[in-house]
Undergrad: 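Dropping the structure in here first, questions after.
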Amino acid sequence: MQEKYLPAELEVAAQELWDRSGAARAIEDPSRPKYYCLSMFPYPSGKLHMGHVRNYTIGDVLARFHRMLGYNVLQPMGWDAFGMPAENAAMQHKVPPAQWTYANIDYMKTQLKRLGFAIDWTRELATCRPEYYRWEQWLFTRLYEKGLIYQRLGTVNWDPVDQTVLANEQVIDGRGWRSGAPIEKREIPMYYMKITAYAEELLADLDQLPGWPEQVRLMQKNWIGKSTGVRFAFPYELDGEAGQLWVFTTRADTLMGVTFCAVAAEHPLASHAAARDPQVAAFVEECKRGGVAEADLATMEKKGLPTGIFVTHPLNGEQVEVWIGNYVLMGYGDGAVMAVPAHDERDFVFARKYGLPIRQVIAVAGEVFSLDAWQEWYADKQRGVCVNSGKYDGLTCETAVDAIAADLSAKGLGEKKVQFRLRDWGISRQRYWGCPIPIVHCPRCGALPVPDEELPVILPEDVAITGAGSPLARMPGFYQCTCPQCGGPARRETDTLDTFVESSWYFLRYCCPDNDRAMVDERVAYWCAGGIDQYIGGIEHAILHLLYARFWTRLMRDVGLFGEPPLAEPFANLLTQGMVVAPTFYREDSHGKKLWINPAEVDAVHDERGRASGATLRADGLPVVVGGIEKMSKSKNNGVDPQALIDQYGADTARLFIMFASPPEQSLEWSDAGVEGAFRFLKRLWRIVHQHVSTGLVAPHVEGNLSADLKGLRRQLHQTIAKVADDYGRRKQFNTAIAAVMELLNACTRINDDSAAARAVRQEVLEAVTLLLNPIVPHVCEALHAALRPGCTASSQAFPTPDASALVQDEIELVLQINGKLRGSLRVAAAADRATIEAAALACDAACRQLAGAAPRKVVVVPGRLVNIVV
RNA sequence: GCCGAGAUGGCGGAAUCGGUAGACGCAGCGGACUCAAAAUCCGCCGAUGGCAACAUCGUGGGGGUUCGAUUCCCCCUCUCGGCACCA
């Protein structure tokens, strides 16, 4: 055995050993329990960042741990390879997106291999390859035929200078990120997936996901947003024609308090008013300014303008004026809302701003309504009862809603209705680097799906990106085609699919990446039975990706792609990793565009709270602007490349450090302080094993009498085995597992005893440590285990199990509290009963001093833990 | 704005079901070894008062429940994530 710990050499040797033995290869084997361990696949942005290292180390620890428990483990990896950054890189560096993407995949794959992850690379896939996306196109055509994909208008961000659609991320303060031009909303035809048809099921089945974090289930529940309310109409007559203004409300009990209605700028009534009043037309134009991101819409100043159009209140017949509100969205519900300023905070603020009437129709006993300021109870559903509401006076919220819904229904003007916040999923993107939408537009036959035998529609890879519109729309070779129905000239769809589509089913394709005849096969049934056993990924995917994936597997189920029982929930257990965050730094160019600078290139000064308060660019010594602390990302250029860390210390130190730094679900601000400590620990472990081995190998302790110290060490060893197994398996908290092993090793070195018995116990401890740490630092454990047990490979050993006989204790120590404060401790027999413990506690010096002869008021005994005397 | 989460020493964090707050590690300080340094090993390390024993305070802020609260409840502040075209 080498005297020095040389990670560079031993890591190469260990990886060669695993490669030779095919240790990570996953082969279907119905005789063994399977464990499908899945990490969210990376976008090939260029280099790995610490978030990737964290994500994939967690996955690898769980995969290796379960392999040691005897499971048939599948740990695959692939590339979420389509997306916007490739087009941006193409513009910046004049290199085709495909070339940039494949180069990144090559580099990042090398990095993943260097980290020693037990990945079955034979199953690798990249979503930009036709072998992958052809099946997505195939399913698209099935869903289109079933009506689960349909076309309608959707609103997008339009850059009037670059003449292109922008992503929300590309709109900064209402302006295009490249042109700087004010963004407008524009309606264009798009394809939508009918996720709302599955809203009820997606919501209900959340309750059947005990392996998911509560917070994620709650976020999805709120996102789907089921509410019961009333959809009803305000009748009107306009230019002699009758019409109805439909709205939805969850507070029909406040209907008698309606003092106006508000419609979206794109609403037909708004268009009508705009046509006859230039002032209204100007306001409608103003509402079209700005982007479509909901966060912006929700935080902008609420503005409105009256249309001069009046509608009739469906119950009291009053005339109610229709306003245009910039906060009303055409894409949500009917694009119109009723306004009850007295009982809705947003309406209250709006009414006060424009001097609109406020009519109280809900009262709470003991509270006084005032127009001066909004009070929480105005909207209180629980305590409020109807007032100033005629026949509904005195009714509670719930009964009033029912009564009003019944009356509206009798007039044919409305109905109770379940509504979801969830909207259909718009999947069209006016971008090049994505999966082509397999539709052909024929001037005679309309929009038709591409027939199976013509799939895949291949994305041409050799293009130049200009940033103005999609290059596909300028490539006749791509879009010129013939109609599959009439054979006449037709035009191929040039929009591509949202990249969330690829990531909604990649985990199924890992099971059968080589199947060129079907999307999925029986291997999916083997690996995904009961759901994927563990899914690991960032908490930022809690809603969109995870909801779309749940939706997509149901679509595949309903197309009949799964056997029996069909898969519905793709992920049985979910671990949401906290993000690795880092400070951001930037400079603004002459157009005010932010140029993000990597934290590795700046020197920052910190305030007393430890936050960066100022920074300079190392290259020129001049100041840069300090941004917020955000998740590591390509767009903010604050990712930290782990390569330097790996080069200096090796893969094991990188893995150990990231796992020791914090528990996996917690977000982690990156700092490399402490890396040295992780490396030091591995060196120390190496030295201890080397020292032990150099005096000759012995058999591990099995049985026989031991000194109290050795008995104590063995007890700690077996407690540690139990704790580490629990931390890996149940708690999925790895930092405490590492800490426990560190403590064990500290205890082991404190025993200065070279007797045969001591060396046997030490052998037992060290063998166990190399197995306990094997999932986290597999390379060094492989080398150390081989030194301790020549000819044995750690990665093929079973995970240790605790020896119950080593855990037995005769005496235990209890904490003594007086009035809940620590005042000492007492040793009692492990089997002592409550009365014995209480008597022993009252006999203690500390207790006698406090009691001074008086009787205690109360004595609380918590078995195995403490005694609290209340005086 | 809405939804979700978080806040504990100088720093990362521990305390798993309401029961010893600060495990483990980093940084720092002191010592051993060394010609010296590095490496390594040993010790100290929340605040205040005290020679000490010890006492008081202390888990973002304010209130509450309890014999006992980092943990449960209410209110507030700040930070992070998501908000449907970043992935």
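In the text below, chain A, chain B and the rest are named by the order of the sequence lines, each starting its count at 1. Heavy atoms only: backbone and side chains are in, while hydrogens, waters and symmetry mates are out. Quick caveat, the model's predicted, so the values are computed rather than measured.
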Undergrad: Checking understanding here: a glycosidic angle within 90° of 0 is syn, the rest anti, so what is B/G9?
TA: syn
Undergrad: Would you say A/Asn168 reaches B/C83's phosphate, i.e. side-chain N/O to OP1/OP2 under 4.0 Å?
TA: no
Undergrad: Just wondering, are more than 12 heavy atoms of other shown residues or ligands nearer than 6.0 Å to CZ in A/Arg865?
TA: no
Undergrad: Using a 4.0 Å heavy-atom cut-off across all strands, classify A/Ser662 as base, sugar-phosphate, or nothing.
TA: sugar-phosphate
Undergrad: By nearest atom, which of the nucleotides B/G81, B/G25, B/G4 is closest to the A/Asn746 side chain?
TA: B/G25
Undergrad: Indicate syn or anti for B/C54, taking the glycosidic torsion and treating anything within 90° of 0 as syn.
TA: anti
Undergrad: Which part of the nucleic acid, if any, lies within reach of A/Lys723 when heavy atoms closer than 4.0 Å are counted: base, sugar-phosphate only, or nothing?
TA: base
Undergrad: Between A/Glu345 and A/Ser428, who's closer to the 5' end of RNA chain B by nearest nucleotide?
TA: A/Glu345
Undergrad: Rounded to whole angstrom units, what separation is found between the OH atom of A/Tyr43 and the P atom of B/C86?
TA: 13 Å
Undergrad: Polar atom pairs between nucleotides 19-23 of chain B and protein, under 3.5 Å, N or O only, would you list them?
TA:
| from | atom 1 | to | atom 2 | distance (Å) |
| --- | --- | --- | --- | --- |
| B/G19 | N2 | A/Gln817 | OE1 | 3.3 |
| B/G19 | N2 | A/Asn868 | ND2 | 3.4 |
| B/A23 | O2' | A/Glu743 | OE1 | 3.1 |
| B/A23 | O2' | A/Glu743 | OE2 | 3.3 |

Undergrad: According to side chain to side chain donor-acceptor pair (under 3.5 Å), who are the partners of A/Thr127, at least two apart in sequence or on a separate chain?
TA: none
Undergrad: Kindly indicate, with the supporting measurements, whether the criterion side chain to side chain donor-acceptor pair (under 3.5 Å) is fulfilled by A/Ser227 and A/Gln419.
TA: CA-CA 5 Å; A/Ser227 58; A/Gln419 174 156 304; 5.3 Å; no
Undergrad: The criterion is side chain to side chain donor-acceptor pair (under 3.5 Å); which residues satisfy it with A/Arg550, sequence neighbours excluded?
TA: A/Gln220, A/Glu569
Undergrad: Please figure out whether A/Ala293 or A/Thr499 has its closest RNA chain B nucleotide nearer the 5' end.
TA: A/Ala293
Undergrad: A/Ile629 has an atom CD1; how far is it from atom P of B/C11, in whole Å?
TA: 14 Å
Undergrad: Flag yes if more than 12 heavy atoms outside A/Lys185 fall under 6.0 Å of its NZ atom; otherwise flag no.
TA: yes
Undergrad: Do A/Gln733 and A/Tyr728 get their side chains close enough for a donor-acceptor pair, meaning under 3.5 Å?
TA: no
Undergrad: Would you call A/Val581 and A/Leu668 a side-chain contact if the rule is heavy atoms closer than 4.5 Å?
TA: no
Undergrad: Whole angstroms only, please: what is the CG-P distance between A/Leu773 and B/G25?
TA: 13 Å
Undergrad: Taking RNA chain B as the partner, which of residues 537-547 of chain A come within under 4.0 angstrom of it by heavy atom?
TA: A/Glu540, A/His541, A/Leu544
Undergrad: Please report the distance, rounded to the nearest Å, between NZ in A/Lys636 and P in B/C86.
TA: 12 Å
Undergrad: Please report, to 0.1 Å, the donor-acceptor pairs under 3.5 Å made by any side chain of residues 77-87 of chain A, with sequence neighbours excluded.
TA:
| from | atom 1 | to | atom 2 | distance (Å) |
| --- | --- | --- | --- | --- |
| A/Trp79 | NE1 | A/Glu124 | OE2 | 2.8 |
| A/Glu87 | OE2 | A/Tyr432 | N | 3.0 |
| A/Glu87 | OE2 | A/Trp433 | N | 2.7 |

Undergrad: CE of A/Met579 versus P of B/A87: gap in Å, rounded?
TA: 17 Å
Undergrad: Counting neighbours of NZ on A/Lys302 that are heavy atoms of other residues, nucleotides or ligands and sit closer than 6.0 Å, is the number greater than 12?
TA: yes
Undergrad: Among A/Tyr506, A/Phe507, A/Tyr535, which residue meets the ring-ring contact (aromatic ring centres under 6.0 Å, His included) test with A/Phe41?
TA: A/Tyr506
Undergrad: Check the distance between B/A84's C1' and A/Asn157's CG and give it to me in whole angstrom.
TA: 12 Å
Undergrad: Could you list all N or O pairs between the protein and nucleotides 38-44 of chain B that sit under 3.5 Å apart?
TA:
| from | atom 1 | to | atom 2 | distance (Å) |
| --- | --- | --- | --- | --- |
| B/U40 | O3' | A/Arg687 | NH2 | 2.9 |
| B/C41 | OP1 | A/Arg684 | NH1 | 3.4 |
| B/C41 | OP1 | A/Arg687 | NH2 | 3.2 |

Undergrad: Once you apply a heavy-atom cut-off of 4.0 Å, does A/Met190 come out as touching a base, just sugar-phosphate, or nothing?
TA: base
Undergrad: By salt bridge (Lys or Arg N to Asp or Glu O under 4.0 Å), which residues pair with A/Asp495, not counting sequence neighbours?
TA: none
Undergrad: For a side chain to side chain donor-acceptor pair (under 3.5 Å) check, start with the C-alpha distance between A/Thr584 and A/Asn638, then their side-chain angles and the critical distance, and finish with the verdict.
TA: CA-CA 6 Å; A/Thr584 56; A/Asn638 64 339; 5.8 Å; no
Undergrad: Once you apply a heavy-atom cut-off of 4.0 Å, does A/Gln170 come out as touching a base, just sugar-phosphate, or nothing?
TA: nothing
Undergrad: Heavy atoms within less than 4.0 Å of RNA chain B: which residues of residues 724-733 of chain A have one? Give them sorted by number.
TA: A/Asp726, A/Arg730, A/Arg731, A/Gln733
Undergrad: Are the side chains of A/Phe660 and A/Met742 in contact, using a 4.5 Å heavy-atom criterion?
TA: yes
Undergrad: Could you tell me which residues satisfy salt bridge (Lys or Arg N to Asp or Glu O under 4.0 Å) with A/Lys631, sequence neighbours excluded, listed by chain and number?
TA: none
Undergrad: So, A/Trp223 versus A/Tyr548, ring centres under 6.0 angstrom or not?
TA: no
Undergrad: Between A/Lys353 and A/Glu301, does the salt bridge (Lys or Arg N to Asp or Glu O under 4.0 Å) criterion hold? Intermediate values first, please.
TA: CA-CA 11 Å; A/Lys353 178 171 175 177; A/Glu301 194 192 349; 2.7 Å; yes
Undergrad: Give a yes/no verdict on a cation-pi contact between A/Arg687 and A/Tyr5, requiring under 6.0 Å between NZ or CZ and the six-membered ring centre and an angle within 45° of the axis.
TA: no
Undergrad: Contact class for A/Pro42 (heavy atom, under 4.0 Å): base, sugar-phosphate, or nothing?
TA: nothing
Undergrad: Could you go through the side chain to side chain contact (heavy atoms under 4.5 Å, CB included) check for A/Phe551 and A/Trp425 one step at a time?
TA: CA-CA 10 Å; A/Phe551 168 49; A/Trp425 173 16; 3.9 Å; yes
Undergrad: Of all the nucleotides listed (B/G4, B/G1, B/A14), which has the minimum atom distance to the side chain of A/Ala298?
TA: B/G1
Undergrad: Can you figure out which of B/C67, B/G13, B/A84 approaches the side chain of A/Val870 most closely?
TA: B/C67
Undergrad: Taking only residues two or more places apart in sequence, or in another chain, which ones meet A/Glu376 in a salt bridge (Lys or Arg N to Asp or Glu O under 4.0 Å)?
TA: none
Undergrad: Is it the case that the side chains of A/Ser635 and A/Glu169 hold a donor-acceptor pair, with the cut-off being a distance below 3.5 Å and no angle test?
TA: yes
Undergrad: Taking atom P of B/A84 as reference, at what distance in whole Å does atom CG of A/Leu497 sit?
TA: 19 Å
Undergrad: Any chance you could encode RNA chain B as dot-bracket? Rule is Watson-Crick or G-U wobble with both distances under 3.5 Å; [ ] for pairs crossing earlier ones, | for another strand.
TA: (((((((..(((......[....))).(((((.......))))).((((....))))..(((((..]....))))))))))))....
Undergrad: Would you tell me if any nitrogen or oxygen in the side chain of A/Lys821 comes within less than 4.0 Å of OP1 or OP2 on B/C57?
TA: yes
Undergrad: Looking only at the side chains, is there a donor atom on one of A/Arg857 and A/Asn819 sitting less than 3.5 Å from an acceptor on the other?
TA: no
Undergrad: Can you give me the N/O atom pairs linking the protein to nucleotides 72-75 of chain B at distances under 3.5 Å, or say none if there are none?
TA:
none

Undergrad: Looking at B/G81, B/C86, B/A5, which one has an atom nearest to any side-chain atom of A/Gln215?
TA: B/A5
Undergrad: Ignoring backbone atoms, establish whether A/Asn88 has a side-chain N or O less than 4.0 Å from OP1 or OP2 of B/C86.
TA: no
